[in-house]
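Chain identifiers are assigned alphabetically (A, B, ...) following the order of the sequence lines, protein sequences preceding nucleic acid strands; residue numbering begins at 1 within each chain.
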Protein chains: 2
Amino acid sequence: MQNVIKEKRTSFHITQEELSQKLNVSRQTIISLEKGKYKPSLVLAHKLAQIFGCTIEDLFIFEGDENIDG
Amino acid sequence: MQNVIKEKRTSFHITQEELSQKLNVSRQTIISLEKGKYKPSLVLAHKLAQIFGCTIEDLFIFEGDENIDG
DNA sequence: ATAAAATGTAAAGTGAACTTGACATCTGAT
DNA sequence: ATCAGATGTCAAGTTCACTTTACATTTTAT
């Protein structure tokens, strides 16, 4: 799964620290997310979409067996 | 967090077992999801939205601290 | 050049998403 | 009434999302 979180964040001119505070998660969580180290929870994905004023599907790119067809 | 998975599933006239097979998860996962016992992963939420032809935000209702404002 | 801010890495711990399996109850058709 | 299919409960296990802390590197401004 890929995401465009870093692109969105920089386009909003906020730091990882600021983003982590808005989301009530650690900065490490933001770093790992942007690096694609793990997949966020549904709630975290929803909050990110709220902050960036877009849909969850705008932020994340699902691949392979993350889709129904496989 | 609430969801409308049971309503969507019954409107599509498929059983929990059939849905679980389409999603590659256990039937227990569907039961627990419909009962609101836990929050699905982002990937599972995405697959559900694909199956039902809607968005993730159509399926799930976020409340309280699951939103940015709190 | 240097200091500060921003970003990154590493590692160990916790909780919850999801699994498996066994058994109970409800519903509908015959 | 009964049998099968669908739905539900309970419990124990595994995996991974996310945390915390501490330290290293890169970027930016002066």
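Rounded to whole Å, the distance from CD on B:E34 to P on D:dT9 is 11 Å. Distance CG (B:L42) to P (D:dA17): 10 Å, rounded to an integer number of Å. For the pair B:K39 NZ and C:dC18 P, the interatomic distance rounds to 12 Å; values are reported in whole Å. Protein atom CG of B:L33 is 16 Å distant from nucleotide atom C1' of D:dT9, rounded to whole Å. One interatomic measurement links the two molecules: OH of A:Y38 to P of C:dG15, which rounds to 17 Å at whole-angstrom precision. Atoms CD (B:E66) and P (C:dA16) sit 13 Å apart, rounded to a whole Å. Rounded to whole Å, atom P of D:dC18 lies 10 Å from atom CD1 of A:I30. Rounded to a whole Å, the NE2 atom of A:H13 is 16 Å from the C1' atom of C:dA6.
The two residues B:P40 and A:L42 come nearest to each other via the heavy atoms O-CB, 3.5 Å.
Between B:E17 and B:I30 there is no side-chain heavy-atom pair separated by less than 4.5 Å. Here the side chains of A:S41 and A:K47 are not in contact, with every heavy-atom distance at 4.5 Å or above. In this structure the side chain of B:N3 never reaches within 4.5 angstrom of the side chain of B:L59, judged on heavy atoms. When side chains are defined from C-beta on, A:F12 does not count as touching A:I51, because their heavy atoms never get closer than 4.5 Å. Residues A:C54 and A:K8 have side chains in contact (heavy-atom distance under 4.5 Å, counting atoms from C-beta outward). In this structure the side chain of A:Q2 never reaches within 4.5 angstrom of the side chain of A:F62, judged on heavy atoms.
Near DNA chain D, meaning a heavy atom under 4.0 Å from it, residues 14-22 of chain B has B:T15, B:Q16 in order of number.
Although no hydrogens or angles enter the test, the distance criterion places no donor-acceptor pair under 3.5 Å between the side chain of A:Q21 and the main chain of A:E18. No donor-acceptor pair closer than 3.5 Å links the side chain of A:E34 to the backbone N or O of A:I31.
Contact annotation: B:S41 side-chain N/O to D:dC16 OP1/OP2 distance is not under 4.0 Å. Remark: A:K6 is in phosphate contact with C:dG8, judged by side-chain N or O atoms under 4.0 Å from OP1 or OP2. Between A:K35 and C:dG8 there is a side-chain polar atom (N or O) within less than 4.0 angstrom of OP1 or OP2.
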*Mind running side chain to side chain contact (heavy atoms under 4.5 Å, CB included) on B:L48 and B:F60 for me, showing each step along the way?*
CA-CA 11 Å; B:L48 281 160; B:F60 300 93; 4.3 Å; yes
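In this model, no side-chain donor or acceptor of B:Q28 finds a partner on the base of D:dT7 within 3.5 Å.
The A:P40 side chain lies nearest to D:dC18 when the options are C:dG8, D:dC18, C:dC18. Closest contact between the side chain of B:R9 and the listed nucleotides D:dT7, C:dT9, D:dG8 involves D:dT7. Closest contact between the side chain of A:L44 and the listed nucleotides D:dC18, C:dA17, C:dT20 involves D:dC18.
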_Using a 4.0 Å heavy-atom cut-off to protein, can you give one letter per nucleotide of nucleotides 24-30 of chain D, 5' to 3': B if the base is in contact, S if only the sugar-phosphate is, - if neither?_
-------
